[in-house]
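Below, all heavy atoms of this structure are taken into account, side chains as well, without hydrogens, waters or symmetry copies. Below, chain A is the first sequence line, B the second, and so on; all start at residue 1. Please read all numbers here as calculations on a predicted model, not as lab measurements.
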Amino acid sequence: MNKNLPKQMYALVDGNNFYASCERVFNPALNGKPVVVLSNNDGIIIARSAEAKALGIKMGTPAFEVKNLIEQKKIYAFSSNYALYGDMSQRMMNIFREFTPDVEIYSIDEAFLDFSGFSGMDFKQTGMDMRKRVKKYIGIPVSVGFGPTKTLAKIANRIAKKHLKKTGVALIDTPEKIERALQMTPIDEVWGIGRRYAQFLQKYQVKTAWDFTQLPDSFVKKHLSVVGLRTKEELLGTACIPMELVPPPRKAIRTARTFSKNVIDYRFVEEAVSDFAAKTARKLREQKSVANLLTVFLRTNKFDKTKPYYANSFSIQISPSSNSSIQLVKYAQAALKIIYKEGFEYKKAGVLVSGLSPEGNRQLDLFDNFSYEKHRNLMRILDKLNAENGYEVVKIGSQGQSRAWRLRQEYRSKRFTTRWDELIEVVVES
DNA sequence: TCTGGGGTCCTAGGACCC
DNA sequence: TCTGGGGTCCTAGGACCC
């Protein structure tokens, strides 16, 4: 145990049951009622209010398995509405920045805040102020955990949620508190220890975070790699995971969907894959990158044991690197041709690009410069039109309109905070 | 009938080079 | 008959996160 705690102090702040809470902000009648939010395709449960948890609804449960329960218990179910959640998230993060400039947005619903050097600060009070302010201006309840490392801040946050509901704030700031916190934290609740490692560690009687810190370094390194070793250090109070104040550029970008029903027809698979490629290209342009490798994958339903399973992927070099929707669609279609097999019922497909580099550094290909300019200008116009008129009003022909594979979203709340409600689709031929 | 989507990092092993 | 050793790069697979 590190007797002299470092001066570092991190907070992990997150929205409680974030998606469910977002739905409540715009529909206060839901307060006190059980609420769940469903994944794309209304497939599985991805968020639950406290009341829904109390009714035994588990994270990741297929929606159809709890359909009866939802009806019987009058649980309010919502299709996921990421435009809404993303907007709420931004507003929440802005409140966090009023407390310290050093904010790392870790996910849509949580952030690490660096309070190192704020010596003499009453952290508990700060946490409660934060909670009050977010509740007042955004309407979302948050929990706050303070600790000398990010991993301990995570643990403090869990303790705040579980045992200190009244204040919603927990502070780990002495060696004694570290020890107590570690002893009350099950090993599978530790940030960095997933299901597989937790199972493995149980075999060695490692049940709590504390037990884990008692293992020899060599054992941890051998079985959990250097990542596990880092987790051990962090649990003991030595910060080894730095803040990432500026999000590093993405190394890969993926668009993938499960189809709402099985798709057999090549035309429909191609339409879906083309649409994914175009969406991927748009994401590339948003972050001003180009990619040099594109992978298409598709597979049948892995849960259906009565039908033959087939899954495959194929990668194509994109040369020169590109972020043009038109070009990526063409590459994706070529890759699809190679892996598509007649006679299977496809359930999921996706497009992944990697080998990303900044748009500006793009290697100039003298022979292809004309085509590069042409695409760049075309994409500028396309992005501009879509930005002005709403989400994807202008698309490439092969993205299709039949959408036989389209998402099912039966219970989506309105896009309260964003502009486009109804789409009028215009299609350009490539 | 109905089972999400989008990321990251580490390691081992093979290919290749000198 | 003998059949090196070390470095680097790439990829697949497995773990993790929300």
When you get a sec, tell me which of [options] is the closest nucleotide to the side chain of [X]?
X	options	result
A:Asn301	C:dC16, B:dT3, C:dC17	B:dT3
A:Asn40	C:dC17, B:dG6, B:dG4	B:dG4
A:Ser225	B:dC10, C:dC18, B:dC2	B:dC10
A:Arg196	B:dG4, B:dT3, C:dA15	C:dA15
A:Thr258	C:dA15, B:dT3, B:dG5	B:dG5

A:Ser79: partners by side-chain contact (heavy atoms from CB on, under 4.5 Å), with sequence neighbours left out: A:Asp42, A:Gln409, A:Tyr411, A:Arg412
Short side-chain N/O contact to [N] OP1/OP2 from [X], under 4.0 Å:
X	N	answer
A:Lys58	B:dT3	no
A:Lys154	C:dC17	no
A:Lys347	B:dT3	yes
A:Lys283	B:dG6	yes
A:Arg250	B:dG6	no

Positive for side-chain contact (heavy atoms from CB on, under 4.5 Å) with A:Thr151, one of A:Leu236, A:Leu12, A:Leu235: A:Leu235
A:Tyr10 ring center within less than 6.0 Å of A:Phe112 ring center: no
Touch class at under 4.0 angstrom, heavy-atom based, for A:Ala63 against every strand present: nothing
Straight-line distance of A:Arg195 CZ to A:Ile193 CD1, nearest 0.5 Å: 14.0 Å
Separation between the C1' atoms of B:dC16 and C:dG4, rounded to whole Å: 15 Å
